[in-house]
Amino acid sequence: MAAPRLLLLLALALTAACWAGRADGHGVHPLSRIAIHRARVALDASSAVRASPKLLGSRGEDTAWVAVDFHVPHASDDDWIGVFSPSEFNASTCPGSHGSGPGPVICSAPIKFQFANYSSGYAGSGKGTLKFQLINQRQDFSFGLFTGGLSNPTLVAVSNKIAFANPKAPVYPRLALGKTWNEMTVTWTSGYAISEAYPFVEWGMKGSRPGRTPAGTVTFGRESLCGMVPMKIYIENLLVPLDGGIQVSYTQHS
């Protein structure tokens with residue numbers, strides 16, 4: 001009886017340790033650990049990043065895998081690769097500062113990142129390759145190579161720009177119940193402004209003649225959503241249309 005009881009106690013202890021580990025990381029998003037507002041720029045000619053392919057979604061795909069090759073003269077376990085979209089993320093894009101005076105030198109947070117040592121052999125050679133899966137989100141992309149870890153990042157190299165063939169294409173359709181029993185909300189993501197393309201939903205019962213429901217579009221910028229300047233570095237401009245229709249509502253996010 002002693003052996004089964006010991007195994008049970010050991011199993012309970014391992015379970016408790018597992019849940020304790022989950023509790024420590026609960027609510028902490030990995031991207032929130034990046035202190036991008038503390039970043040420094042010290043581009044190093046001996047470091048480089050290259051992303052391929054340059055054109056994504058040539059057959060209409062809205063997701064794609066990208067290979068990122070990089071090298072540094074002195075590798076560290078703290079080195080990491082960040083994905084930025086839009087591709088321009090230098091001080092010239094900082095709201096209100098126009099790239100001069102005190103304030104952050106990078107005003108866009110990365111949308112993804114991986115540590116460079118996830119690539120086998122990086123610690124010894126300073127060279128590596130990582131793969132990132134990207135989605136079409138209406139802007140181009142570039143990759144930054146950082147040293148100094150997540151708390152004190154230093155940008156040492158920036159990659160070439162890559163983009164989807166049609167970054168404005170309507171993608172990611174979603175359905176939800178509307179405000180009343182006979183209403184359905186249709187949402188998707190698109191980069192087209194109301195002046196470029198007229199948004200509408202074509203819908204109807206199977207086998208019947210479809211109807212069309214139009215939608216209006218209104219734009220909210222960074223200044224509409226954020227008050228303090230440090231928060232503005234994390235939010236891109238949004239294009240949010242109004243709901244439209246009676247039985248079918250439409251919302252387009254851009």
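Reckoned from all heavy atoms, side chains included, excluding hydrogens, waters and symmetry mates.
Looking at heavy atoms from C-beta onward, S190 lies out of side-chain contact with P199 at the 4.5 angstrom threshold. S142 places none of its side-chain heavy atoms less than 4.5 Å from the side chain of I162. Looking at R50 and N160, their side chains come closer than 4.5 Å, going by heavy atoms from C-beta outward. The side-chain heavy atoms of P110 and I36, taken from C-beta on, include a pair separated by under 4.5 Å. Between R138 and T189 the shortest side-chain heavy-atom distance falls below 4.5 Å. Put simply, the side chain of F200 does not reach to within 4.5 Å of the side chain of T213, judged on heavy atoms. Considering only heavy atoms from C-beta on, L175 stays 4.5 Å or farther from T185 through its side chain. Side-chain atoms of P210 and W203, non-hydrogen and from C-beta on, never get closer than 4.5 Å to each other.
In this structure, I34 and F113 approach most closely via the heavy-atom pair CD1-CD2, 3.6 Å. When every heavy atom of K54 is checked against every heavy atom of A51, the shortest pair comes out as CG-O, 4.5 Å. Between M184 and L177, the closest heavy-atom pair is SD-N, 4.0 Å. V105 and A39 get closest at one heavy-atom pair: CG2-O, 3.0 Å. Here the shortest heavy-atom pairing between L43 and A157 reads CD2-N, 3.9 Å. Looking at every heavy atom in both residues, V66 comes nearest to F143 through CG1-CZ, 3.9 Å.
Transitive grouping of hydrophobic side chains (ILVMFWY, heavy atoms separated by less than 4.5 Å) brings L155 and V83 into a common cluster. Follow the hydrophobic side-chain contacts under 4.5 Å out from L150 and you reach V41 in the same cluster.
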Original post:
What do the steps show when you test D44 against V72 for side-chain contact (heavy atoms from CB on, under 4.5 Å), and what is the final call?
Top reply: CA-CA 9 Å; D44 183 357; V72 294; over 6 Å; no
**OP:** Might you work through the side-chain contact (heavy atoms from CB on, under 4.5 Å) test for T154 and F146, ending with a clear yes or no?
**Re:** CA-CA 5 Å; T154 298; F146 291 81; 5.8 Å; no
Subject >> Evaluation steps, ring pair (Phe, Tyr, Trp, His ring centres under 6.0 Å), between Y172 and W188 >> reply: CA-CA 5 Å; Y172 319 124; W188 66 85; over 10 Å; no
Can I get a per-line list of side-chain donor-acceptor pairs under 3.5 Å for residues 115-132, giving both atom names and the distance, sequence neighbours left out?
unit_1: N117; atom_1: ND2; unit_2: D77; atom_2: OD1; d: 3.4
unit_1: S119; atom_1: OG; unit_2: T129; atom_2: N; d: 2.9
unit_1: S119; atom_1: OG; unit_2: T129; atom_2: O; d: 3.3
unit_1: Y122; atom_1: OH; unit_2: D79; atom_2: OD2; d: 2.6
unit_1: S125; atom_1: OG; unit_2: G121; atom_2: O; d: 2.9
unit_1: S125; atom_1: OG; unit_2: K127; atom_2: N; d: 3.1
unit_1: S125; atom_1: OG; unit_2: K127; atom_2: O; d: 3.3
unit_1: T129; atom_1: OG1; unit_2: D69; atom_2: OD1; d: 2.6

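Under the side chain to side chain contact (heavy atoms under 4.5 Å, CB included) rule, L145 has a single partner from V68, V156, V158, which is V156. A side chain to side chain contact (heavy atoms under 4.5 Å, CB included) with T63 is found for one member of L56, N136, I135 and no other, namely I135.
Side-chain N or O atoms of E196 include none that pairs as donor or acceptor with a backbone N or O of Y192 at under 3.5 Å.
Here the OG-CZ distance, from S58 to F164, works out to 10.5 Å after rounding to the nearest 0.5 Å. The CZ atom of F89 sits 11.5 Å away from the SG atom of C107 when rounded to the nearest 0.5 Å. Atom-to-atom distance recorded for E88:CD and K161:NZ is 4.0 Å, nearest 0.5 angstrom.
Side chain to side chain, Q137 and S85 meet the donor-acceptor criterion of an N or O pair below 3.5 Å.
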